[in-house]
Q: 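One structure, pasted below without further comment.
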Amino acid sequence: MSELLGLAIDRGVATITLNRPEKLNAFTDDMLDRWVDALEACRIDPAVRVIVITGTGRAFTTGGDVESFGASAALSPARIKERLIQGIQRLPRKMAEIDKPIIAALNGFATGGGLDIALACDIRFAAHSARLAETYARMGLIPGGGGAFLLPRIVGMAKALEMLWSCDWVDAAEAERIGLVNRVFADDELMERTYAFARQVADAAPISVQLIKRVARLSQGQDLDTALDIAASNLPIARTSEDHLEAVRAFKEKRKPQFQCR
């Protein structure tokens, strides 16, 4: 899509690559615009079944470009809020609209707003050398990209507050231990192993995969009766789909199902 952000699609897996390695993939307004556009393109493209987000160089992304922070402090509170809503907050909102699986491949540093966006992904795989931190308190700021909402839901409130207050680095092994990332791979195996998992998911029934994500997310914070009703309301969509009929045919014929893009 541009020199700063790439989008490639192969065998049902779309890869969005942040490409500003000399700045540790700190994002600019232009990068955010293109990132949102790339996510929307993936959302509506039937050839895309899984989305992988990663970075080039030593970082996934370190969030907003620190060099621009001082200038924004001179803006009015209303203008700062508007820029936040029209800037980084578009990413977690757009990602929440997408039923397709989104995987963060954390190839290096993920800090501040960069970690917030990784948290907005459905799952996270990390290279062994990856280092994560919520650095807002060190900069006199608060999470603006969803970190204060997402992090406690992933690692628990006490651990989230510890990370947010201390700004301490969390290495890949500790991140896996506390559930911040799902799996850790050797640096030179991260993308290969991420794509292996992504293609495994892409080969599954796409309607089922997307409905599972939708039902799981909608059920969060609900009581059991409401969660069961959400499942009962979505199951007929899966039950009457061509994906389900093809899966049944394949089972009876003892072959691998062939799910079509639609």
Q: According to the interplanar angle, ranging from 0 to 90°, do the rings of Phe109 and Trp169 count as parallel (below 30°), tilted (30 to 60°) or perpendicular (above 60°)?
A: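 Rings of Phe109 and Trp169: tilted, 30 to 60°.
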Q: Grouping I, L, V, M, F, W and Y whenever their side-chain heavy atoms are under 4.5 Å apart, do Val48 and Phe197 come out in a common cluster?
A: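 They do not share one cluster, since no chain of ILVMFWY contacts under 4.5 Å joins Val48 to Phe197.
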Q: Donor-acceptor pair, distance only, cut-off 3.5 Å: does the side chain of Thr61 make one with the backbone of Asn25?
A: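 Yes, the answer is positive, given that a donor and an acceptor are paired below the 3.5 Å cut-off.
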Q: So, Asn182 side chain and Phe125 main chain: donor-acceptor pair closer than 3.5 Å or not?
A: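 No, the answer is negative, given that no donor and acceptor are paired below the 3.5 Å cut-off.
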Q: Tell me whether Arg58 at atom CZ has more than 12 heavy atoms from other residues, nucleotides or ligands lying less than 6.0 Å away.
A: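 It does not: Arg58 CZ has 12 such atoms or fewer within range.
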Q: Run Asp99 and Arg217 through salt bridge (Lys or Arg N to Asp or Glu O under 4.0 Å) and show every step you take.
A: CA-CA 10 Å; Asp99 288 334; Arg217 289 205 162 190; over 6 Å; no
Q: Identify, with sequence neighbours excluded, every residue that meets salt bridge (Lys or Arg N to Asp or Glu O under 4.0 Å) alongside Glu40.
A: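 So Glu40 forms a salt bridge (Lys or Arg N to Asp or Glu O under 4.0 Å) with Arg43, Lys94.
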Q: Looking at CD1 of Ile16 and OG1 of Thr54, how far apart are the two atoms once the value is rounded to the nearest 0.5 Å?
A: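 Between atom CD1 of Ile16 and atom OG1 of Thr54 there are 11.0 Å.
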Q: Could you give the distance from CD1 (Ile230) to CZ (Arg214), rounded to the nearest 0.5 Å?
A: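 If I round to the nearest 0.5 Å, the distance is 11.5 Å.
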Q: Tell me, do Glu134 and Cys167 make a side-chain contact under 4.5 Å, heavy atoms counted?
A: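 No. Closest side-chain heavy atoms not under 4.5 Å.
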Q: Val209 versus Pro101: any side-chain heavy-atom pair under 4.5 Å?
A: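 Counting from C-beta outward, Val209 and Pro101 do come under 4.5 Å.
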Q: Please examine the side chains of Ile103 and Ile53, heavy atoms only from C-beta on, and report whether any two atoms are closer than 4.5 Å.
A: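 When only atoms from C-beta onward are counted, Ile103 and Ile53 do not touch, as no gap falls below 4.5 Å.
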Q: Would you kindly say whether Arg90 and Gln86 are connected by a side-chain donor-acceptor distance under 3.5 Å?
A: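 Judged by distance alone, the side chains do not pair up.
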Q: Nearest 0.5 Å, please: how far is CG in Leu115 from CG in Leu151?
A: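 Going from the CG atom of Leu151 to the CG atom of Leu115 covers 6.5 Å.
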